[in-house]
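What follows is a short report on a single structure.
Below, each value reflects all heavy atoms present in this structure, side chains not excepted, and no hydrogens, waters or symmetry copies.
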Amino acid sequence: MKILFVTAEAYPFASTGGLAGVTGSLPVALERIGHTVSLIMPFYRDIKNLDNYDWIGDQFLTSAGEKFGLAQTVLPGSNVSVYLISKDEYFDRPGIYGPDDASAYQDNAGRFSFFSRAIASFQENLKETPDILHCHDWQTGLVPAYIRSFRKPAVVFTVHNMRYQGNYPPEEFSFTFLPWSLFTIDGLEYFGTFSFLKSGIVFSDQITTVSTSYAKEIQTPAFGESMDGIFRKRSGSLTGILNGIDYEIWNPSTDPAIEASYSANAIGPRKICRNELIRQHNLERNPDGMIVGIVSRLTEQKGLDLLFPIVGKLIQEGLNFVILGTGEKRYMEKFKELSKKNPGRISVTLDYDEEMARSIFAGCDLFIMPSRFEPCGLAQMMAMRYGAVPLVRKTGGLADTVIDERDNGFGFVFDNADPDELLRTVLRARGLFGNRRKWTWLVKRCMKQDNSWSSRAEQYVKVYRKAVETRRRR
Ligand code: GLC
């Protein structure tokens, strides 16, 4: 099939988190199983600075008559063409959604509705119309509305996180150039605003989200972020497919960013990576002390505040922490304070640093993700691949990828977003950590889990076929 990925971010060109990880690797996985895949995204200033692209031209027009330019490059390690939509007034500025992680540009409704219009006309100008437009998250939610009356392509819309919806006041509706007849409850209208995300859900042929548990959860009020009703209406067209990670890129036996190479069958050298982690972060050397790793966006979603009331106790119990992440100020300040108060015990790096992330996955013993909700989660898969045993809250993709050792699994799972439960579970892990043979067995089992894209890419192909069928029957 011919598939065009539509996204506001893709690794390595522009990334704020998991979304870019998926849009930067799933196309390659689909290409490996024989499909023709390309991707289209905005030409942000930071990409322009990279300089390794070909300029196609600036003569392109949206249906509303707006001019735009186009550049082209490829996804590293593949033949996936990446088209970059150039429009300086919207994209030649710092960052993606705002100048930094914490703030959003005032004209995002204008920027991303323009982006979506540009895509609608771009795909018409291709020599061959793609079979599928695969759109990701709210930023691309208007694309299916723009092409709602086209016979081709079919649209698959993937929700990576319900929390981000792109809802804007009616005064900004004119930016979309859509008819007011769509500003209704069956269209984009959403509690008096209009919603990019809702548009994506309502007008696509098929919808997916990034785990089977999350696909169920978002049909309930607790996780649906007030859109559960819309999902229940479309539940027949909604499929949960777990994300994967690229097992070539995330591979402890070839990764140049880590201190030593190892694999599930030759695990010995992992110790070298652990020692290196201790050295780099100036942790106290305590042979029995378990090292807890955290690599995360620091937002409410991730549940890291559950640690605050219990971290003192865990330090007393001999655990050390290596924490890497950036995000909301309140969390960054609290973690900085904790590291200042506990030198040699808690190392905090407030940054997004992939090399350091790799060294944490390779060196820590226990990797924790106490998320309040987690559509899929990628870090737990990376951690397992590198032999860090995951401890997670039972939600979304975490529930689908980690099985508790008590249930014959290979990790630690707790049910409620409650500090005491988290404490008990970490201490349970620490208990097993004391049993070297059992722990090594857990580490190996984690490393043997298959979270690669291979089987999951096939599941997308099935959804693509369904979408083509749905569109044909319209
Ligand atoms: C979002 C979700 C995360 C998911 C990622 C990729 O970042 O919060 O759970 O893994 O998207 O789908």
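Between F373 and F223, a ring centre-to-centre spacing not shorter than 6.0 Å is recorded. Aromatic ring centres of H35 and Y464: separated by at least 6.0 Å.
Screening F13, F91, F68, Y53 for a ring pair (Phe, Tyr, Trp, His ring centres under 6.0 Å) involving F43 leaves a single residue, Y53. The only member of T395, T401, D400 that meets side-chain hydrogen bond (donor to acceptor under 3.5 Å, both in side chains) when paired with S213 is D400. Paired with D246 under the rule salt bridge (charged side-chain N to carboxylate O under 4.0 Å, His left out), one option of R32, R385, R456 passes, and it is R32. H136 pairs with exactly one of T208, T23, V159 by the side chain to side chain contact (heavy atoms under 4.5 Å, CB included) rule, that one being T23.
Annotation: side chain of F412 is not in contact with side chain of V426 (no heavy-atom distance under 4.5 Å). Counting heavy atoms from C-beta on, the side chains of C376 and L242 come closer than 4.5 Å. Side-chain atoms of F196 and S113, non-hydrogen and from C-beta on, do get closer than 4.5 Å to each other. In this structure, D228 and T220 have side chains that are not in contact, with every pair of non-hydrogen atoms separated by 4.5 Å or more. When side chains are defined from C-beta on, Y105 counts as touching P94, because their heavy atoms get closer than 4.5 Å. Between I40 and F122, the closest side-chain pair of non-hydrogen atoms falls below 4.5 Å. Counting heavy atoms from C-beta outward, E300 and R163 have side chains that approach closer than 4.5 Å. The closest side-chain heavy-atom distance from I294 to I368 is below 4.5 Å.
Looking at residues two or more places apart in sequence or on another chain, you find no side chain to side chain donor-acceptor pair (under 3.5 Å) involving D137. Legend: residues meeting side chain to side chain contact (heavy atoms under 4.5 Å, CB included) with S81, ordered by chain and number and at least two apart, are S38, Q72, Y83.
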> Given the rule in the salt bridge (Lys or Arg N to Asp or Glu O under 4.0 Å) test, do E405 and R445 qualify, once you have shown the distances and angles that lead to the verdict?
Replying inline: CA-CA 10 Å; E405 51 84 26; R445 282 200 62 195; over 6 Å; no

>> Walk me through whether R372 and D305 qualify under salt bridge (Lys or Arg N to Asp or Glu O under 4.0 Å).
In response: CA-CA 10 Å; R372 292 208 159 70; D305 49 299; 2.8 Å; yes

>> Run V322 and N320 through side chain to side chain contact (heavy atoms under 4.5 Å, CB included) and show every step you take.
In response: CA-CA 7 Å; V322 181; N320 289 338; over 6 Å; no

>> Walk me through whether Q123 and L4 qualify under side chain to side chain contact (heavy atoms under 4.5 Å, CB included).
In response: CA-CA 8 Å; Q123 60 84 30; L4 176 62; 4.2 Å; yes

>> Assess the residue pair C135 and V155 against the criterion (side chain to side chain contact (heavy atoms under 4.5 Å, CB included)); give the C-alpha distance rounded to whole Å, side-chain angles, the decisive distance to 0.1 Å, and a yes or no.
In response: CA-CA 7 Å; C135 299; V155 184; 4.0 Å; yes

> side chain to side chain contact (heavy atoms under 4.5 Å, CB included) between L238 and Q219: does it pass, once the steps are laid out?
Replying inline: CA-CA 10 Å; L238 170 65; Q219 298 182 51; 3.5 Å; yes

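More than 12 heavy-atom neighbours from other residues, nucleotides or ligands sit within 6.0 angstrom of CD on E284. Counting non-hydrogen atoms of other residues, nucleotides and ligands closer than 6.0 Å to NZ of K336 gives a total above 12. The number of heavy-atom neighbours closer than 6.0 Å to CZ of R436, taken from other residues, nucleotides and ligands shown, is above 12. Counting heavy atoms of neighbouring residues, nucleotides and ligands inside a 6.0 Å radius, atom NZ of K438 exceeds 12 of them. Taking a 6.0 Å sphere around NZ of K48, one finds it holds more than 12 heavy atoms contributed by other residues, nucleotides or ligands.
G411 approaches V402 most closely through the heavy-atom pair CA-CG1, 4.0 Å. Heavy-atom minimum distance, L398 versus R393: CB-O, 3.4 Å. Closest heavy-atom contact between F321 and L307: CE2-CD2, 4.3 Å. R270 and F361 make their closest contact through NH2-O, 2.9 Å (heavy atoms, listed as atom of the first residue, atom of the second, distance). Considering all non-hydrogen atoms of both residues, F157 and S204 come closest at CB-OG, 3.0 Å. Considering all non-hydrogen atoms of both residues, T7 and F115 come closest at O-CZ, 3.4 Å.
In this structure, Y262 and Y386 have perpendicular ring planes: the angle between them is above 60°, well past the 30° mark. Between W439 and F433, the two ring planes are perpendicular [angle over 60°; tilted spans 30° to 60°].
Expressed to the nearest 0.5 Å, how far CD of Q449 lies from CE of M381 amounts to 11.0 Å. Remark: L427 CG to L319 CG distance equals 7.5 Å, nearest 0.5 Å.
Defined by atom type and a distance below 3.5 Å, a donor-acceptor pair is present between the side-chain atoms of E9 and T16. A donor-acceptor contact closer than 3.5 angstrom links the side chains of S195 and N167.
A salt bridge does not link E337 to K340: none of the charged nitrogens lies less than 4.0 Å from a carboxylate oxygen. Between E374 and K302, at least one side-chain nitrogen of the basic residue sits less than 4.0 Å from a carboxylate oxygen of the acidic one, meeting the salt-bridge criterion.
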